2 protein chains.
Amino acid sequence: MKLKKITKKPQALGKRWYHDACGSALGLELLGERWSLLIVRELVFGGRRFSDLRGSLPGISANILTIRLEGLERFGIIRRRTLPPPSGAQIYELTAWGYEAEVILRELGRWATRSPLHDPTLPLSAASLLMSFRTMYSSKRAKGEAATIGFRFGADGFVVEFDHQGAHPKRAEPQGCALTVVADPTTLASVVYGGRPLADAEARGELALTGDRKLFGRFLTWFPLPEKIE
Amino acid sequence: MKLKKITKKPQALGKRWYHDACGSALGLELLGERWSLLIVRELVFGGRRFSDLRGSLPGISANILTIRLEGLERFGIIRRRTLPPPSGAQIYELTAWGYEAEVILRELGRWATRSPLHDPTLPLSAASLLMSFRTMYSSKRAKGEAATIGFRFGADGFVVEFDHQGAHPKRAEPQGCALTVVADPTTLASVVYGGRPLADAEARGELALTGDRKLFGRFLTWFPLPEKIE
DNA sequence: CGGCATCCGGGAAGATACTG
DNA sequence: CAGTATCTTCCCGGATGCCG
């Protein structure tokens, strides 16, 4: 039996280091490696398991995810926790400071959607879509209407409260909401942002509404995309 | 003589692509490669030449800088321009959209300085320091005092206006300012953020003040660093 | 199945030298 | 000064397999 090797250098701090006191450069050390920010994005609405993360990050390989999680934990951005029995599963969740990185994701996303390369019909995860609601929601467009809307994306239920301050999603069962939307995130995004007709998505069975259909019609107008460049 | 090779694939869009409609993921495609955001940072206060960039980005190699500049130009974030004669030099400058990426840098920097790994005594560039002034300036701390302060970092002169809205740096000769600071950016950062005594820096000839010394004393209090985590 | 180690191939980053 | 060419090193991604 071999002892655990101790020469493992999870990431950064080793050699490829920006020698730069600038906070932005440090931010890139902490979050700038491939996949790191997207992992944070997936954790913004609560802790997830290893395989949840793998499933939401198309193309990441298991070893890279392991390395990133180690690095983010070392930096104090996420923590690892074992759920109490009977589940006993291990989850990864953001620390308080890690949660504060959400603003970086929001600004990055808001800026990038102005690129002509942005395509809202591509696949995306539930966390991405909910974060886009937070980013793009315009209480002015909503004319101050307060609403609570439920969403079901496969096994994951969310409830989002909209008010004059913004959109507030949380992981919860969407029962008792005035309106509940069942779809996959990509479909809903194509309707909200891609202009895909609701009737089309419903006819193909890719989206189902329960409750106040007129509310859904108004909901669709609450997320103006920023103007494209040029 | 060989014809120019056309098989050059500047960056991304090739294979290593996050298949993700999320705006944040697209932002990482555009700006997430190593060095890209730091190049944007160096351009925020005006166009720079290739060798200026190389000098301000410790450790970047010429070929990588070439590749990044090509990519940023292709994406519409920067543009290449030839200065009119007699200079005739080529400079790189941000497009209007590129300038708007500054908010990403600011949020990233503000967030990252809360890490215990942040060390304000490391070397940094003039652009980094001026951006940190913009990020960290507290008009509350300045008690509404409006001031115009000049800075000279080697060959580069800047004038920064401070008012109740924020700090507004621009590239200009610092003549006629009530106060002018001559230093290198790293020295000034160690005094403003690292608590290094002014007298020490002056005694060693690393910093020189011209004009209102008392204003400098107040200036030092205008940039509260966010609290460290834990 | 969830988490992690190991090996491998390809490609990106880094260092250095060189050119107009 | 503004890059290009080349070589080396290292990281990423994919496959596989171990162990609880």
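A quick note: this is a predicted structure, and the numbers were derived from the prediction, not measured. In what follows, chains carry the letters A, B, and so on, assigned in the order in which the sequence lines appear, proteins first and then strands, with residues in each chain numbered from 1. Side-chain atoms are counted along with the backbone in the values below, which use heavy atoms only and exclude waters and symmetry mates.
The CZ atom of A/Arg80 sits 15 Å away from the P atom of C/dG2 (whole-angstrom rounding). In this structure, B/Tyr18 atom OH and D/dG13 atom P are separated by 8 Å, rounded to whole Å. Between the CZ atom of B/Arg48 and the P atom of D/dA2 there is a distance of 11 Å, given to the nearest Å. Atom OH of B/Tyr92 and atom C1' of D/dC1 are 11 Å apart (whole Å). When rounded to the nearest whole Å, the span between CD of A/Glu70 and P of D/dC11 equals 14 Å. The separation between B/Asp52 atom CG and D/dC1 atom C1' is 10 Å, rounded to whole Å. Atom P of nucleotide C/dG3 and atom CD1 of A/Ile78 are separated by 12 Å, given to the nearest angstrom. Atom CG in B/Leu28 sits roughly 17 Å away from atom C1' in C/dA12 (whole-Å rounding).
Ring geometry for B/Tyr18 versus A/Trp35: interplanar angle over 60°, hence perpendicular rather than tilted (30 to 60°).
Identified under the salt bridge (Lys or Arg N to Asp or Glu O under 4.0 Å) test for residues 183-194 of chain A, with sequence neighbours left out: none. For residues 123-132 of chain B, the set of pairs meeting the salt bridge (Lys or Arg N to Asp or Glu O under 4.0 Å) definition, not counting sequence neighbours, is empty.
Taken residue by residue, residues 38-47 of chain A places no heavy atom nearer than 4.0 Å to DNA chain D.
Between the axis at the start and the axis at the end of the helix from C/dC1-D/dG20 to C/dG20-D/dC1 there is an angle of 30°, using five pairs per end and rounding to 10 degrees.
B/Arg152 has a carboxylate O that lies under 4.0 Å from a charged side-chain N of B/Glu173, or vice versa, which qualifies the two as a salt bridge. With respect to the salt-bridge test (charged N to carboxylate O, under 4.0 angstrom), the residues B/Glu102 and B/Arg134 qualify.
Look at B/Arg49 and you won't find any side-chain N or O under 4.0 angstrom from OP1 or OP2 of D/dC1. Contact check, B/Ser51 against D/dA2: a side-chain N or O comes under 4.0 Å of OP1 or OP2.
No side-chain heavy atom of B/Ile229 sits less than 4.5 Å from a side-chain heavy atom of A/Glu100.
Each of A/Arg80, A/Arg49, A/Arg79 was compared with A/Tyr92 under the side chain to side chain donor-acceptor pair (under 3.5 Å) criterion, and only A/Arg80 meets it.
Side-chain contact check for A/Tyr193 and A/Ser132: at least one donor-acceptor pair (N or O, by modelled atom type) lies under 3.5 Å.
Not counting sequence neighbours, the partners of A/Phe133 by the ring pair (Phe, Tyr, Trp, His ring centres under 6.0 Å) test are A/Phe151, A/Phe219, A/Phe223.
No donor-acceptor pair closer than 3.5 Å links the side chain of A/Arg81 to the backbone N or O of A/Ile91.
Put simply, CD1 on A/Ile77 and CZ on A/Arg68 are 11.5 Å apart, with the number rounded to the nearest 0.5 Å.
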Under 4.0 Å protein heavy-atom contact, by nucleotide of nucleotides 13-20 of chain C - B base, S sugar-phosphate only: BBB-----
